[in-house]
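To find a chain, count down the sequence lines: A is the first, B the second, and so on, and within it residues start at 1.
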Amino acid sequence: MSRKTFGVNMAKEYTPVDEVAWQQKWVDAKIFESQIRSNRPKFYCLEMYPYPSGKMHMGHVRNYSIGDAVARYKRMMGFDVLYPIGFDSFGMPAENAAKDEGGHPYDITERNMASITKQIKRMGFSYDWNRQLKSHDPRYYKWNQYFFIKFFEKGLAYREHAPVNWCVQCETVLANEQVKAGRCWRCNGPVNQKEMNQWFLDINQYAQELVDGLDTIAFPENVKSLQRDWLGRSEGAQISFKVADSESVIEVFTTRPDTLFGSTFVTLAPEHPMAEELVKGTDYEEAWKELYDEVSVLAEFDRIRNMKKKKGVPSGRFAIHPLTGEKIPIWIGNFVIASYGTGAVMAVPGHDERDFDFAKKFDIPIKRVLIMKEDGDPQAPLETAETEYGWMVNSPIEGFDGLYGEDGKRAITEALKSKGLGQQTINWKIRPWLVSRQRYWGTPIPIIHCDGCGVVPVPEQDLPVELPTDVEFGHGNPLETSESFLNVDCPKCSQPARRETDTMDTFVDSSWYFMRYTDPLNDEICFDPKIMNHFMNVDFYCGGIEHAQMHLIYARFYTKALRDLGLHSNDEPFNELLCQGMVNAPAPWCESCQLTFSVAHAGSPCPHCDSPLTERSAKMSKSLGNTVSPEHMVEKYGADTVRLFILFSANPTAGMDWSDSAIASNHRVMMQMATMPERLLEWSGGVSSMDTWMLARLKQRCTEFQQAMDHFDLRRAVEISHYDFIKDINWYIRRGGENPELGTKILDSWTHLVSVSTPHMAEEWWQTLGKEGLVCGTEMPLLPSITDEEQSALDCETLLRSVLDSARRIKDVAERHLDGPAQSAIIVVSPTWKRSMAVDALNFIEQGGSPKQFASHVSQMEIAQGERKGEIIGYWGKKMLPQVFKWDDDSRILIRSGLDEVEALTQRSSFIAQELGLQSVKVVLGESAEDETGRAGGSMPLAPSIVYA
RNA sequence: GCCGGGGUUCCCGAGCGGUCAAAGGGGGUGGACUCAAGAUCCUCUGCGUAAAGCUUCGCAGGUUCGAAUCCUGCCCCCGGCACCA
C-alpha cells in the first residue's frame, strides 16, 4: 500500500498575487469595521501607532502581525473587535527634512504616510481604516489644546522659569525622560542646562496613583519595574534645620531619620538658593562661586560622573540641630543634586558613604549612632560608613537608644513633629513633565501673552489654533517667523498681544490617541464618553519595550487626568501590555574584540584585530546594514508567508532571528497547506474506525488552539494550525482513513484556525470549499466536547503509537542479536497483576497515601503471597513506584478504564506489522498460557515488551 | 550599588515538582521517491543496552519517595536606575 501522505507532488503553487484581491474583498465587505452590537463582548486590540517614516520595517511587521492575529482570533470568537490604526505624525524628522531638503513638514508627512500606508495595507492586516487618525490633523490636535486649557485652569498645566534640558542639535528643550545618559534620546547630541520659561504638566499630582495602578494591570514585570524606578517613590522625613543667627531655615529630605543624631553637618547643592544667600559678602563667596560655575555648566551626566571626587566649600555659617540644638557647620557640596528632594541634605558621615567621604576629606567629626549588632560596642570607631539598619546608640536624648530601623525612624519623626521641625513625607524622583518644545511641527500651545493680562488661554471657541504655513525653516523656532501667527488680540482686553510659540511635546499626541480611536470623527467633543467607556480599556496593547517609561507613563497619566476632567470613567488605559521582542539578523562579529560590524565587513577580517569574523545575531539596524526589507519578502513569498514566519519563529515577547532559510521553509509549508482543501475533498473512501479518532483529534486541536490564543501564545497556536494538523491528518490517512464527509468537516474548522495567521490563504480555502462569504467575517462554530467513545479512540491510538515508537527504537538493536532482519514480533502485554497493582497504587496515592506506605499494601496482594513475594515487592519499589507518578492524567484514566491492551493491539497488529516491515505480529498477555516468551518481566501497563524473531 | 529579567542538549528556544533524555524549529545524519537536482516524506541526532543503566538543564548545597522545575548561597549575562539623601 502506498502512503498517501501530503506534500508529494504539490499540485498548486502558493501565489502571493491573490492576496491583494482578497484584501479588496475584505474592504468591500466592510468586515473589519468595528461595531457595537448588543450581547457581544467587546475587545479592543491596539498596537502603538507608528511614526510615518516612508517605509515599513520588520519591527512594524512583527508588531502588527501579532496584533492582527489577536484581533482576527477575537473576531472569529464572536467579539466586537476594535482594531484601529493611525499615525503619530507630528515630530522632528519631518521638520528636519524640511529644514535640510526644503519643502514643508506637512507635505513630507503626508507623502510618507501615503507610502507606508500602502505597505501596511499590502500585509492584509484587519484594521478598521475608517478610524484612521493622524496627530497633525487639526481635528485631532484641537483636543490637545482643549485639554491643555482645562489643565491650565485646574493648575495641572503651568509655566515656570526653571533650569531645563536643552538639546543643542535639536534646538529645543527636552523632558527629563528624554535625556539618556546626558544626551538627547532622539539625536544623541549633547544636552545642556538652561534657564528658561517653560510649560509643565504636573504629573506629580498623580504619582501615587500611577504607582498604585501598576498592581491592577497586566504589564510585564520589567515594565512595571521601570515605571516604579522612574516614579521613584521614597518614604522619609522632611526636617528643618534653622540657620544660626538668621531667620532662614534649611529643609532637608532624608530616608534615614533614625540617624539624625549622627548628623554633624548640613550640605547644600551649589545651586541651592540659600547657598548664595549664606555666603554673600563673606570670605567664602569666591570659593562657592567657583564651585557653582564648575558644576552648573556641566551637563547632568558629566556632573554626576564628577561627583565621585568630593568637592565642597564651607559656608562659614552654622545650622541648629533640630533635636539637640547643637551648632553644626553648613557646607556646600558638589554631590548634592539641586533638583532632588530639597536640594539639601543632613550629612551623617557615620552612616552614609558620601557623607563619610566628605567628612574624611574635610576633617569633619564622624559620630556613631547605630550599632550593627545588638551587642555591639557603641564606642567602636567607624572605619567605613555603616549604612545598614542598626540599633540606636549614643543618643543625647533619653528614650531612643536600642530602637531599631523603622522604630527608630518613627521615634525621631515623632519627636521632630512635636517640635514642629519635621514630618513624615514622601519624595518622588519624577518631576513635572516639561511639555513645551521650541519647534514647529507639533501642537501649538493655545496661550496668548498679553502685556496687560499676562498669560491668557485661547477661548475654547477659537480652537484649534492651527499651525501657520507662512514660516521659514532655518535656525530657531519657525513659528517665530510667522507674523500672522504671532500677532493676535488679547481675548480678555482686546489689546495687541503675542501668541505662545512653543508647541507641545509629541508625546502629548500619543497620550490619548487610543481614546480618540473609539470615536475618531467626532467634532463636537473629544470622544463620546458612552462610546469611549464601552470600548476602553484597551484589552491588548502591543508595542516595543522602548516606550516603557515615556509613552506608557504619560498615557496612564493622561487617562487619569482626563478622567478627572469628567471626560470618561476609566482609571487605566491598558489592561494588558505585550512588548514584542526585537527582530535580529546575522551580522559580522569579532569574537576577540566582542564587536559587531556592519555587513560591509562580511568576508573581511576584523578591522581592529585582523582575526577572521564570524556571524552573530544582532538587532536589525540601518547602521549594521543587516535589515531585511518587508516589501521584498512580501513580493517574493507573499504576506501570509511573512506573517507565518514571524509568528512561528519565536514567541511574541522573545527576540527573533531572521533567517532566509527559515522563511523559505515556511513558504514550503504554505505551498503544502495550499493543496490541503483539494486533497481532502478528493477523498473517496468510506466510513472507518479511524474517523472517530480523527474527529476527536480535531476537537482536541481546536481546544488547544483556543487555549494558546487566549494566552497570546501565538507561536503555539500557529504550530497547531500549520504543523500539528498536517501531522494528524497524515496519521489518519496512514491508518486508512479517507472519509470525504469528515474531510469537509475538518476543513470547516481548520480554515478558521488558519485564518488567524494566514488569512489570505484561508479565504482561498473557503472558496475551494464552496462556502458563502468570507471566512474572515465568519464566526467559528464551536465543536461539541469529546465523547467517551472518541476519548477511547484517542487512547487506543496513543497506545498504538507508543508501542510503535518503542518497537522501532528496539528493532535495530534486536536485529543485531538476530542473524538477519526480524521477521516477526510478539507483543507481550503486561500481566494483569501489574495493572491491578497500578490501579491500587494510583487510588492509594490519590487519596493522600504516601508511596512509602503502599509497600505494605503490595505485600498483601494475592500474587505476593507465594514464592514470588520478593520479586513482586522489588518490582513495586524499582519499577512501578517511579512509573506511577510518570503517567499523565490521560494514561491514568486509561489504566483504570479497563482498556484491553491485548484486544486493542491485536486489532491493530497488521498495521504494526506493516509499519515495522514484519510478516507477522502476535499479541499475547504476559504470563498467560499463550505467552511462551518468558519476557513479560519488562512489561508495564501501556508499555508491553516486544520480542523480535 | 539598587531594581527587574535570565543562564536548558550542536545553535535558537519551550518547559517551571512526577507525562523530562527534556516540545518545536534550525543545523547535521541516514533512508524513501527521482535519470538527476530541488521539493516532499520517514529515521536518527547525550553515552549506552533487546527495553536496563548512567550522565545532562550556570556552580555548590538543601527540601522531597521524586528536582531543569521549590529553597539557600555563589558565579555569569541582559535591561533599567544610580553619590536620589
Inset, instruction - Measure from NZ or CZ of A:Arg701 to the centre of the six-membered ring of A:Phe725, then state whether that distance is under 6.0 Å and the direction lies within 45° of the axis. - result: no
Legend entry - Rounded distance in Å between the C1' positions of B:A36 and B:G15: 44 Å
Legend entry - Residue list, side-chain hydrogen bond (donor to acceptor under 3.5 Å, both in side chains) with A:His321, at least two apart or on another chain: A:Thr324
Inset, instruction - Would you kindly say whether A:Asp931 and A:Thr933 are connected by a side-chain donor-acceptor distance under 3.5 Å? - result: yes
Legend entry - A:Trp230, nearest nucleotide to its side chain (from B:A50, B:C84, B:C81): B:C81
Legend entry - Under-4.0 Å salt bridge between A:Arg715 and A:Glu719: yes
Inset, instruction - Might you point out which heavy atoms bring A:Ala359 and A:Pro349 nearest each other, and give the distance in Å? - result: CB-CB, 3.5 Å
Inset, instruction - Rounded to whole angstrom, note down the C1' distance from B:C84 over to B:C74. - result: 30 Å
Legend entry - Out of B:C84, B:A85, B:C3, whichever nucleotide has its closest atom nearest the side chain of A:Thr255: B:A85
Legend entry - Same-atom distance (P) from B:C54 to B:G73, integer angstrom: 32 Å
Inset, instruction - Indicate, with a heavy-atom threshold strictly under 4.0 Å, whether A:Asp352 touches base, sugar-phosphate, or nothing. - result: nothing
Legend entry - Nucleotide opposite B:C81 in a Watson-Crick or G-U pair, distances under 3.5 Å: B:G1
Legend entry - Side-chain donor-acceptor pair present, A:Glu251, A:Ser240, cut-off under 3.5 Å: yes
Inset, instruction - Remember a base hit wins even if backbone is also touched, and classify A:Arg228 as base, sugar-phosphate or nothing at under 4.0 Å, heavy atoms. - result: nothing
Legend entry - Atom C1', compared across B:G53 and B:G38: separation rounded to whole Å: 44 Å
Inset, instruction - For B:A50, take OP1 and OP2 only and decide whether either is under 4.0 Å from a side-chain N or O of A:Tyr948. - result: no
Inset, instruction - Look at all strands and tell whether A:Val947 reaches a base, only sugar-phosphate, or nothing, counting heavy atoms closer than 4.0 Å. - result: base
Inset, instruction - Return yes when atom NZ of A:Lys361 has more than 12 non-hydrogen atoms of other residues, nucleotides or ligands closer than 6.0 Å, and no otherwise. - result: yes
Inset, instruction - Determine the Euclidean distance between corresponding C1' atoms of B:G62 and B:G17; express it in Å to zero decimal places. - result: 15 Å
Inset, instruction - Mind checking A:Asn427 for me? I need base, sugar-phosphate or nothing, with any heavy atom below 4.0 Å counting as a touch. - result: nothing
Inset, instruction - Produce a footprint string for nucleotides 23-28 of chain B: one letter per nucleotide, 5' end first; B if the base is under 4.0 Å from any protein heavy atom, S if only the sugar-phosphate is, - if neither. - result: BSSSS-
Legend entry - A:Ser225 side chain, from C-beta outward: closest of B:C84, B:C81, B:G4: B:G4
Inset, instruction - Return the nearest nucleotide to the side chain of A:Lys429; candidates are B:C3, B:A85, B:A82. - result: B:A82
Inset, instruction - Answer with base, sugar-phosphate or nothing: what part of the nucleic acid does A:Ile946 contact at a heavy-atom distance below 4.0 Å? - result: base
Legend entry - A:Asn651 vs B:A14: side-chain N/O to OP1/OP2 distance below 4.0 Å: yes
